[in-house]
Amino acid sequence: MFRRREPVPFAFVAEADRFRSNVTPPARERPTAGQLAGRFLVGLTVVGGLVGSLMLGLPALSQDQAPGHTQTSEASDGR
């Protein structure tokens, strides 16, 4: 393998951490009323979907029995 005899100038890499630009970035544009309303409606739709799925799904997942109803099996009757 060949080794390079001349020094490689990597000083710019070390100076990159200290470099500060004097150019300021442009100011961020403020969202319009329509954009804010759209974001609000999308968020409201997502939250409504989650709440609706919980309201419909929790009764299906509950293991509560109807009052006065006992579960019996034919094998335990002893006949």
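All values reported here derive from a predicted model rather than from experimental measurement.
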With a 3.5 Å cut-off and sequence neighbours excluded, list the donor-acceptor pairs that the side chains of residues 44-51 form with protein atoms.
residue, atom, partner, partner atom, Å
Thr45, OG1, Leu41, O, 2.7

All N/O donor-acceptor pairs, side-chain side in residues 55-62, below 3.5 Å, sequence neighbours left out:
residue, atom, partner, partner atom, Å
Ser62, OG, Pro59, O, 3.0

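- Val23 belongs to no hydrophobic cluster with other residues, because no ILVMFWY side-chain heavy atom falls under 4.5 Å from its own, directly or through intermediates.
- In this structure, Glu29 CD and Gln35 CD are separated by 8.5 Å, a value rounded to the nearest 0.5 Å.
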